Amino acid sequence: MITLVVGTNNSGKSMLAEKLVMETSERSNRYYIATMIPFGDEGIERIKKHRKMREGKGFITCEWPVDIDKHLCELEEETLRHLAGSTILLECMSNLVGNELYSTDNKGCNDDFLTEKIISEVNALTEAAANVIIVTNVFPREDEGYDDETVRYVNLTERVNARLRKLSHKVYELRDGEWIGNENN
(Lines give C-alpha, C1' and ligand atoms only; values in the text may rest on other atoms or scores of the structure.)
Protein backbone atom coordinates (compact mmCIF):
# COMPACT_ATOMS: atom_id res chain seq x y z
CA MET A 1 0.00 0.00 0.00
CA ILE A 2 1.25 3.48 -0.86
CA THR A 3 0.38 6.48 1.28
CA LEU A 4 1.33 10.01 0.25
CA VAL A 5 1.62 12.86 2.77
CA VAL A 6 1.63 16.24 1.02
CA GLY A 7 2.32 19.56 2.71
CA THR A 8 4.30 22.76 2.82
CA ASN A 9 7.54 23.20 4.75
CA ASN A 10 7.06 22.88 8.51
CA SER A 11 3.44 21.74 8.17
CA GLY A 12 3.84 18.66 10.38
CA LYS A 13 3.90 16.20 7.49
CA SER A 14 6.87 14.28 8.92
CA MET A 15 5.12 13.90 12.26
CA LEU A 16 1.97 12.60 10.55
CA ALA A 17 3.98 10.20 8.39
CA GLU A 18 5.79 8.76 11.40
CA LYS A 19 2.45 8.34 13.19
CA LEU A 20 1.14 6.42 10.17
CA VAL A 21 4.23 4.19 10.20
CA MET A 22 3.69 3.45 13.89
CA GLU A 23 0.06 2.48 13.19
CA THR A 24 0.85 0.24 10.20
CA SER A 25 3.93 -1.64 11.36
CA GLU A 26 5.57 -3.56 14.13
CA ARG A 27 8.65 -2.04 15.73
CA SER A 28 11.02 -4.47 14.04
CA ASN A 29 9.68 -3.71 10.56
CA ARG A 30 10.25 0.04 10.13
CA TYR A 31 12.60 1.50 7.60
CA TYR A 32 13.38 5.15 7.03
CA ILE A 33 14.86 6.18 3.72
CA ALA A 34 16.55 9.52 4.21
CA THR A 35 17.05 11.46 0.99
CA MET A 36 18.41 14.75 2.30
CA ILE A 37 21.94 15.79 1.45
CA PRO A 38 22.94 18.26 4.15
CA PHE A 39 24.04 21.56 2.66
CA GLY A 40 25.18 23.97 5.33
CA ASP A 41 24.21 24.33 8.97
CA GLU A 42 20.47 24.47 8.24
CA GLY A 43 20.57 21.09 6.51
CA ILE A 44 22.58 19.54 9.33
CA GLU A 45 20.12 20.90 11.91
CA ARG A 46 17.14 19.57 9.94
CA ILE A 47 18.68 16.10 9.85
CA LYS A 48 19.34 16.22 13.61
CA LYS A 49 15.71 17.23 14.19
CA HIS A 50 14.40 14.31 12.15
CA ARG A 51 16.75 11.82 13.83
CA LYS A 52 15.52 13.01 17.22
CA MET A 53 11.89 12.60 16.07
CA ARG A 54 12.60 8.96 15.09
CA GLU A 55 14.60 8.16 18.22
CA GLY A 56 13.33 5.09 20.05
CA LYS A 57 10.75 4.20 17.38
CA GLY A 58 12.62 1.25 15.91
CA PHE A 59 13.50 2.67 12.50
CA ILE A 60 16.30 1.21 10.44
CA THR A 61 17.69 4.21 8.59
CA CYS A 62 19.03 4.04 5.05
CA GLU A 63 20.62 7.20 3.69
CA TRP A 64 19.84 6.96 0.00
CA PRO A 65 19.78 10.43 -1.58
CA VAL A 66 19.66 9.08 -5.17
CA ASP A 67 19.24 5.79 -7.05
CA ILE A 68 16.97 4.07 -4.55
CA ASP A 69 16.39 1.15 -6.90
CA LYS A 70 20.15 0.52 -7.16
CA HIS A 71 20.47 0.56 -3.37
CA LEU A 72 17.70 -2.03 -3.12
CA CYS A 73 19.53 -4.27 -5.59
CA GLU A 74 22.63 -4.14 -3.40
CA LEU A 75 20.82 -5.45 -0.29
CA GLU A 76 21.50 -8.96 0.93
CA GLU A 77 18.81 -11.61 0.47
CA GLU A 78 18.02 -11.76 4.19
CA THR A 79 17.47 -7.99 4.34
CA LEU A 80 15.20 -8.15 1.28
CA ARG A 81 13.09 -10.87 2.95
CA HIS A 82 12.79 -8.69 6.07
CA LEU A 83 11.90 -5.68 3.94
CA ALA A 84 9.03 -7.58 2.30
CA GLY A 85 6.91 -7.40 5.46
CA SER A 86 7.95 -3.90 6.43
CA THR A 87 6.76 -0.33 6.25
CA ILE A 88 9.09 2.15 4.58
CA LEU A 89 8.97 5.87 5.22
CA LEU A 90 10.52 7.80 2.33
CA GLU A 91 11.48 11.27 3.55
CA CYS A 92 11.32 13.41 1.46
CA MET A 93 10.32 13.15 -2.19
CA SER A 94 11.12 16.79 -2.89
CA ASN A 95 14.71 16.16 -1.71
CA LEU A 96 14.93 13.10 -3.95
CA VAL A 97 13.64 15.13 -6.91
CA GLY A 98 16.26 17.82 -6.33
CA ASN A 99 19.03 15.28 -5.81
CA GLU A 100 18.17 13.44 -9.02
CA LEU A 101 17.77 16.72 -10.94
CA TYR A 102 21.24 17.93 -9.96
CA SER A 103 23.04 14.58 -9.92
CA THR A 104 26.03 14.55 -12.25
CA ASP A 105 24.78 11.18 -13.53
CA ASN A 106 21.58 12.86 -14.75
CA LYS A 107 23.18 15.96 -16.24
CA GLY A 108 21.42 16.85 -19.47
CA CYS A 109 18.42 14.56 -18.82
CA ASN A 110 15.02 16.01 -19.58
CA ASP A 111 12.12 16.18 -17.15
CA ASP A 112 10.27 13.24 -18.74
CA PHE A 113 13.29 11.01 -18.14
CA LEU A 114 13.73 12.26 -14.57
CA THR A 115 10.04 11.79 -13.75
CA GLU A 116 10.12 8.21 -15.01
CA LYS A 117 13.38 7.50 -13.16
CA ILE A 118 11.98 8.73 -9.86
CA ILE A 119 8.67 6.89 -10.29
CA SER A 120 10.64 3.74 -11.14
CA GLU A 121 12.53 4.12 -7.85
CA VAL A 122 9.22 4.41 -5.96
CA ASN A 123 7.88 1.35 -7.77
CA ALA A 124 10.96 -0.60 -6.70
CA LEU A 125 10.19 0.33 -3.08
CA THR A 126 6.54 -0.69 -3.38
CA GLU A 127 7.58 -4.05 -4.80
CA ALA A 128 10.03 -4.58 -1.95
CA ALA A 129 7.84 -3.64 1.04
CA ALA A 130 4.31 -4.13 2.33
CA ASN A 131 3.72 -0.41 2.90
CA VAL A 132 5.41 2.72 1.62
CA ILE A 133 4.65 6.10 3.12
CA ILE A 134 6.02 9.03 1.13
CA VAL A 135 6.44 12.58 2.41
CA THR A 136 6.50 15.34 -0.19
CA ASN A 137 6.39 19.11 -0.39
CA VAL A 138 4.22 21.48 -2.34
CA PHE A 139 5.56 24.89 -3.18
CA PRO A 140 3.89 28.21 -3.91
CA ARG A 141 3.32 28.24 -7.66
CA GLU A 142 3.79 31.92 -8.32
CA ASP A 143 6.61 32.92 -6.02
CA GLU A 144 8.49 36.00 -7.02
CA GLY A 145 12.18 35.39 -7.09
CA TYR A 146 12.11 31.91 -8.61
CA ASP A 147 14.95 31.70 -11.09
CA ASP A 148 14.75 29.32 -14.08
CA GLU A 149 16.38 26.46 -12.17
CA THR A 150 13.94 26.79 -9.27
CA VAL A 151 10.99 26.91 -11.67
CA ARG A 152 12.23 23.68 -13.24
CA TYR A 153 12.64 22.04 -9.82
CA VAL A 154 9.14 23.12 -8.68
CA ASN A 155 7.61 21.92 -11.97
CA LEU A 156 9.42 18.57 -11.76
CA THR A 157 8.31 18.09 -8.15
CA GLU A 158 4.72 18.82 -9.21
CA ARG A 159 4.97 16.27 -12.03
CA VAL A 160 6.31 13.60 -9.69
CA ASN A 161 3.68 14.45 -7.05
CA ALA A 162 0.90 14.15 -9.66
CA ARG A 163 2.13 10.68 -10.61
CA LEU A 164 2.43 9.70 -6.94
CA ARG A 165 -1.15 10.83 -6.28
CA LYS A 166 -2.32 8.40 -8.97
CA LEU A 167 -0.22 5.53 -7.58
CA SER A 168 -1.17 6.12 -3.94
CA HIS A 169 -3.95 4.30 -2.14
CA LYS A 170 -4.34 7.14 0.33
CA VAL A 171 -3.33 10.81 0.16
CA TYR A 172 -3.14 13.10 3.19
CA GLU A 173 -3.18 16.87 2.70
CA LEU A 174 -3.31 19.75 5.14
CA ARG A 175 -6.49 21.78 4.70
CA ASP A 176 -7.53 24.59 7.00
CA GLY A 177 -5.04 23.40 9.61
CA GLU A 178 -6.33 19.80 9.59
CA TRP A 179 -4.92 16.69 7.93
CA ILE A 180 -7.48 15.18 5.54
CA GLY A 181 -6.94 11.67 4.19
CA ASN A 182 -8.59 10.60 0.93
CA GLU A 183 -8.76 7.05 -0.37
CA ASN A 184 -7.67 6.71 -4.00
CA ASN A 185 -8.10 3.12 -5.12
Side-chain angles (χ1 to χ4, degrees), residues 1-7 12-38 43-101 103 105-106 114-137 157 160-161 163-173 179 181-185:
M1 184 164 116
I2 305 171
T3 303
L4 183 64
V5 179
V6 183
K13 60 190 176 297
S14 298
M15 195 177 324
L16 172 62
E18 285 185 22
K19 179 180 177 251
L20 295 171
V21 170
M22 306 307 274
E23 293 171 354
T24 59
S25 65
E26 295 179 18
R27 183 178 180 82
S28 63
N29 289 341
R30 297 177 185 146
Y31 285 82
Y32 183 94
I33 298 180
T35 62
M36 185 175 200
I37 299 172
I44 292 168
E45 288 305 312
R46 194 165 199 77
I47 289 171
K48 285 180 186 177
K49 173 187 164 192
H50 282 266
R51 284 183 179 152
K52 186 157 182 67
M53 284 174 57
R54 291 191 315 274
E55 206 170 82
K57 295 180 180 173
F59 281 99
I60 298 167
T61 300
C62 304
E63 295 193 16
W64 296 347
V66 293
D67 298 326
I68 289 171
D69 48 351
K70 290 180 185 174
H71 288 288
L72 284 170
C73 289
E74 294 170 356
L75 294 176
E76 294 179 12
E77 200 62 39
E78 183 180 334
T79 304
L80 286 172
R81 278 194 301 276
H82 185 259
L83 201 58
S86 70
T87 296
I88 294 174
L89 173 53
L90 174 62
E91 173 104 26
C92 172
M93 181 52 65
S94 53
N95 287 331
L96 180 62
V97 168
N99 297 342
E100 292 290 0
L101 176 61
S103 167
D105 290 345
N106 296 329
L114 291 169
T115 300
E116 293 308 317
K117 180 182 188 318
I118 293 163
I119 294 300
S120 172
E121 293 176 23
V122 170
N123 284 333
L125 282 178
T126 62
E127 290 172 12
N131 300 297
V132 178
I133 298 171
I134 303 168
V135 175
T136 192
N137 281 320
T157 301
V160 169
N161 285 350
R163 292 282 299 277
L164 291 173
R165 286 175 189 278
K166 290 179 183 175
L167 290 174
S168 297
H169 300 93
K170 194 161 194 170
V171 178
Y172 286 88
E173 294 185 77
W179 286 103
N182 295 310
E183 301 285 336
N184 257 1
N185 300 338

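Owing to the predicted nature of the structure, the values given are computational and were not obtained by experimental measurement.
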Non-hydrogen side-chain atoms of V135 and L90 separated by less than 4.5 Å: no
Presence of salt bridge, E100 and K117, under 4.0 angstrom: yes
Step-by-step side-chain contact (heavy atoms from CB on, under 4.5 Å) determination, H169 to T3: CA-CA 6 Å; H169 300 93; T3 303; 5.9 Å; no
Separation of D67 CG from N106 CG (nearest 0.5 Å): 7.0 Å
H50 and F59: CA distance, side-chain angles, deciding distance, ring pair (Phe, Tyr, Trp, His ring centres under 6.0 Å) verdict: CA-CA 12 Å; H50 282 266; F59 281 99; over 10 Å; no
More than 12 heavy atoms from other groups under 6.0 Å of NZ on K57: yes
Y32 and C62, any side-chain heavy atoms less than 4.5 Å apart: no
CE (M22) with more than 12 external heavy atoms under 6.0 Å: yes
Residue pair T87, N29: steps toward the side-chain contact (heavy atoms from CB on, under 4.5 Å) verdict: CA-CA 6 Å; T87 296; N29 289 341; over 6 Å; no
Test applied, side-chain contact (heavy atoms from CB on, under 4.5 Å); reference residue, I68; option that passes from I118, L125, N123, V122: L125
Under 3.5 Å side-chain donor-acceptor pair for T35 and E91: no
A130 to G85 - nearest heavy-atom pair and separation: CB-C, 4.1 Å
Nearest non-hydrogen partners of T157 and T136, listed with the distance: CG2-OG1, 4.4 Å
Pairwise side-chain contact, L20 with L89, heavy-atom cut-off 4.5 Å (strictly under): no
Nearest heavy-atom neighbours spanning V66 and L96: CA-CD1, 4.1 Å
Electrostatic pair R165-E173, nearest N-O below 4.0 angstrom: yes
Side chain to side chain, I60 and R30, heavy atoms closer than 4.5 Å: no
Check: N99 main-chain N/O paired with S103 side-chain donor or acceptor under 3.5 Å: no
Flag side-chain contact, heavy atom, 4.5 Å: K170 against N182: no
Note: E45-K49 ion pair, threshold 4.0 Å (strictly below): no
Minimum heavy-atom distance between R27 and G56, given as atom pair plus value: NH1-O, 2.7 Å
Non-hydrogen side-chain atoms of W179 and K19 separated by less than 4.5 Å: no
Over 12 foreign heavy atoms within 6.0 Å of CD, E23: yes
Side chains of Y172 and L16 in contact at under 4.5 Å (non-hydrogen atoms): yes
Any V6 side-chain heavy atom under 4.5 Å of V171 side chain: yes
Heavy atoms of other groups near E63 CD, more than 12 under 6.0 Å: no
Lys/Arg-Asp/Glu bridge criterion (N-O < 4.0 Å) met for K70, E121: no
